[in-house]
Amino acid sequence: MLRSTLLSLTAVLLIGGCSMAPKLEVATPELPQLTEQNATAVSATWWQQFNDPRLDALVDEALQRSDDLQLAVANVAVAKASLGLSTAERYPSVTAAASAYRQRTSAESLSPFSGFIYNSFGLSTAIGYEFDFWGKFKNTEEAAWSQLVATEADRETVRISLVSGVAELYSAQIALMQTVTPLTE
């Protein structure tokens, strides 16, 4: 009996250390070699190099009023909250509850305890912890981290697309205004 219990316990401990998540192997793409010609960094405010206050104002207004950008920022906040919740799963949970009530028996009853007031108070706590045998919490945390990185990249993509769209339309408007000649009679 003792031998089978020890064997079962050993098997559970050995299997418990195994993660069921597949090993993710991401191939690193081959990047082009940096040279002096392509090593220039692009500024996050590249449009300000044109020194055009009207373009600056249009871009600022677009960044402030874009619903798509606000949604992308909100998605990043949700992803950060999700990461916080997933890391919280690794810690023990503590719950507590308190209760109190007061009861009075009827004074009209024939019971010898009629008209008495009863007070009842209760307090309970519970502590729980789940061991991460199968790597569930670790994998959930890694997934939440990946989701956060992806939503931050999405937000930056939305911002870049918005700014480049405004700059492109503004330059098209300037080009159109320069090619149009007023009609004379």
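- Surrounding OH of Tyr129 are more than 12 heavy atoms belonging to other residues, nucleotides or ligands, all under 6.0 Å away.
- Checking side-chain atoms of Ser161 against main-chain N and O of Thr157 turns up a donor-acceptor pair under 3.5 Å.
- When every heavy atom of Gln70 is checked against every heavy atom of Gln64, the shortest pair comes out as NE2-O, 3.1 Å.
- Glu152 and Arg155 are not joined by a salt bridge, as no carboxylate oxygen comes within less than 4.0 angstrom of a charged side-chain nitrogen.
- Cluster annotation: Leu58 and Ile160 are assigned to distinct hydrophobic clusters (Ile/Leu/Val/Met/Phe/Trp/Tyr, side-chain heavy-atom contacts under 4.5 Å, transitive).
- Atom OG1 of Thr179 and atom CD1 of Ile174 lie 12.0 Å apart (nearest 0.5 Å).
- Taking 4.5 Å as the limit, every side-chain heavy atom of Asn75 sits out of range of all side-chain heavy atoms of Asp154.
- Side chain of Ser66 to main chain of Leu63: no donor-acceptor pair is present (N/O by atom type, distance under 3.5 Å, no hydrogens or angles).
- Heavy atoms only, all atoms of each residue included: Ala62 and Leu162 are closest at O-CD2, 3.3 Å.
- Trp145 CH2: 12 or fewer foreign heavy atoms inside a 6.0 Å radius.
- For the atom pair CG of Asn51 and CG of Asp56, the computed distance is 8.0 Å after rounding to the nearest 0.5 Å.
- Proximity of a side-chain donor or acceptor of Thr140 to a complementary backbone N or O of Ser86 within less than 3.5 Å is not detected.
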Checklist entry - Please walk me through it: do Glu156 and Arg159 pass salt bridge (charged side-chain N to carboxylate O under 4.0 Å, His left out)? => result CA-CA 5 Å; Glu156 189 62 18; Arg159 190 188 73 77; 2.8 Å; yes
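- Counting non-hydrogen atoms of other residues, nucleotides and ligands closer than 6.0 Å to OH of Tyr101 gives a total of 12 or fewer.
- Note: Thr151 OG1 to Leu83 CG = 10.0 Å, rounded to the nearest 0.5 Å.
- Taking all atoms of both residues into account, the shortest heavy-atom contact from Val94 to Ile127 is CG2-CG1, 4.1 Å.
- Note: the hydrophobic cluster containing Phe50 also contains Val59 (ILVMFWY, side chain heavy atoms under 4.5 Å, direct or indirect links).
- The two residues Ala167 and Trp46 make their nearest non-hydrogen contact at CB-CH2, 3.6 Å.
- Residues Phe121 and Ala100 come closest through the heavy atom pair CD2-CB, 3.6 Å.
- There is no path of hydrophobic side-chain contacts, each under 4.5 Å, that joins Leu71 to Val76.
- Val73 and Val166 fall into different hydrophobic clusters, defined by Ile, Leu, Val, Met, Phe, Trp and Tyr side-chain heavy atoms under 4.5 Å apart, directly or through other members.
- Cluster membership for Leu55 and Val163, using ILVMFWY side-chain heavy atoms within less than 4.5 angstrom, is shared.
- In this structure, the side chains of Phe116 and Gln103 stay at 4.5 Å or more apart for every pair of heavy atoms.
- Residues Trp47 and Thr45 have side chains in contact (heavy-atom distance under 4.5 Å, counting atoms from C-beta outward).
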Checklist entry - What's the verdict on salt bridge (charged side-chain N to carboxylate O under 4.0 Å, His left out) for Glu89 and Lys136, showing C-alpha distance, side-chain angles and the deciding distance? => result CA-CA 10 Å; Glu89 291 290 327; Lys136 174 179 122 178; over 6 Å; no
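- Put simply, the side chain of Asp132 gets close to the backbone of Phe137: a donor and an acceptor are under 3.5 Å apart.
- The shortest side-chain heavy-atom distance between Gln173 and Leu176 does not fall under the 4.5 Å cut-off.
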